[in-house]
There are 2 protein chains.
Amino acid sequence: MDQRDLSRYEEQARIIKALANPSRLMMVEELNKGRRNVSELTQLVGSDTSTVSKHLSVLKNAGLVFIEKMGTTVFYHLRMPCILDFFNCIEAVMEANAFGQMETVISCKTKSQS
Amino acid sequence: MDQRDLSRYEEQARIIKALANPSRLMMVEELNKGRRNVSELTQLVGSDTSTVSKHLSVLKNAGLVFIEKMGTTVFYHLRMPCILDFFNCIEAVMEANAFGQMETVISCKTKSQS
DNA sequence: TTCTTATTTGGCAATATAGCCAAGTAAGAA
DNA sequence: TTCTTACTTGGCTATATTGCCAAATAAGAA
């Protein structure tokens, strides 16, 4: 295990961790439609403004969004060209899981019949 | 905000969270080469066996791996057909970040020159 | 059965995360 | 300047995560 590899995994984990939160996923999906300011995202998520602001700073530190200031309002933009691939991948895992659960039910039925 | 949407985001977050750890990323990448038992993964990661076992149970609960028992040893298999897309996406963000840092350096230089 | 090897689970301490409220900052309006 | 609006930061608590050690389990071997 190389030190370079380790820090690469740590950096990857940092970015993935920034996405590993329901509120932040919601915001990312919304930002994929276009720029949004903090108030708009706050309304979407339904938490305190400060909470949303902190979520946004997590996304910013991970490099997933960038800001554009206009007067007193701050617009957040998504910088994640691969977002569709990313969500499709997670979606595929979820589908596989749903299918797996179905199989379990079937196999239980089969067992109870035998 | 629909309750269905919320729980979808929660489920997505749970899967993403399972990937958001350096040791688990290391294991996932290794498992992409083929099945591995706990000892092999323990050696790879360099933590305690119990720690690795718990990491594996996180991956299993997320549906990202499944097991195959052979006598006393347990082989873990990756179930993530999209793993390449996933890593490529994260890689793209990392590259964009590196590029962004470079830009910052350049813009600082430019500013100090003006 | 006892011994050994492979793995999982329980329990604990250290650290990180999430959310709220209150306080601080920043930019424009009055 | 003061007021207001938009946002960020500090501070706190509750909860979750990580990693270790020790103990439990499971399956063969002796």
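Side chains are part of it too, since the values below use all heavy atoms of this structure and drop only hydrogens, waters and symmetry mates. Proteins come first, then strands; the chains are lettered A, B, ... in the order of their sequence lines, and each starts at number 1.
- Nearest approach of B:Val65 to B:Leu56, heavy atoms of both residues: CG2-O, 4.1 Å.
- Partners of B:Glu29 by salt bridge (Lys or Arg N to Asp or Glu O under 4.0 Å), not counting sequence neighbours, listed by chain and number: A:Arg8.
- When DNA chain C is scanned in the 5' to 3' direction for atoms under 4.0 Å from non-hydrogen atoms of chain B, the outermost contacting nucleotides are C:dA6 to C:dG11.
- In this structure, A:Glu40 atom CD and D:dA6 atom P are separated by 11 Å, rounded to whole Å.
- Of all heavy-atom pairs spanning A:Leu64 and A:Leu78, the tightest one is O-CD1, 3.4 Å.
- Scanning all heavy atoms of the two residues, the minimum distance from A:Asn37 to A:Phe75 falls at N-CD2, 3.7 Å.
- Counting all heavy atoms, side chain and backbone alike, A:Asn97 lies closest to B:Ala62 at ND2-O, 3.0 Å.
- At a non-hydrogen distance threshold of 4.0 Å, B:Gly71, B:Thr72 from residues 59-72 of chain B come into contact with DNA chain D.
- B:Leu59 CG to B:Lys54 NZ: the interatomic distance, rounded to the nearest 0.5 Å, is 15.0 Å.
- Atom pair A:Glu10:CD and D:dT18:P shows a separation of 13 Å (rounding to whole Å applied).
- Atoms CZ (A:Arg36) and P (D:dA6) sit 17 Å apart, rounded to a whole Å.
- A search for salt bridge (Lys or Arg N to Asp or Glu O under 4.0 Å) contacts involving A:Glu30 returns A:Lys33, A:Arg36, not counting sequence neighbours.
- A:Cys89 has its SG atom at least 2.5 Å from the SG atom of B:Cys89.
- A close approach under 4.0 Å does occur between a side-chain nitrogen or oxygen of A:Tyr76 and OP1 or OP2 of D:dT8.
- More than 12 non-hydrogen atoms from other residues, nucleotides or ligands lie less than 6.0 angstrom from CD of A:Glu91.
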Kindly give the atom pairs (protein nitrogen or oxygen, nucleotide nitrogen or oxygen) under 3.5 Å for nucleotides 9-17 of chain D.
residue: D:dG10; atom: O6; partner: A:Lys54; partner atom: NZ; Å: 3.0
residue: D:dG11; atom: O6; partner: A:Lys54; partner atom: NZ; Å: 2.5

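- Among residues two or more places apart in sequence or in another chain, the side-chain hydrogen bond (donor to acceptor under 3.5 Å, both in side chains) test is passed with B:Glu95 by none.
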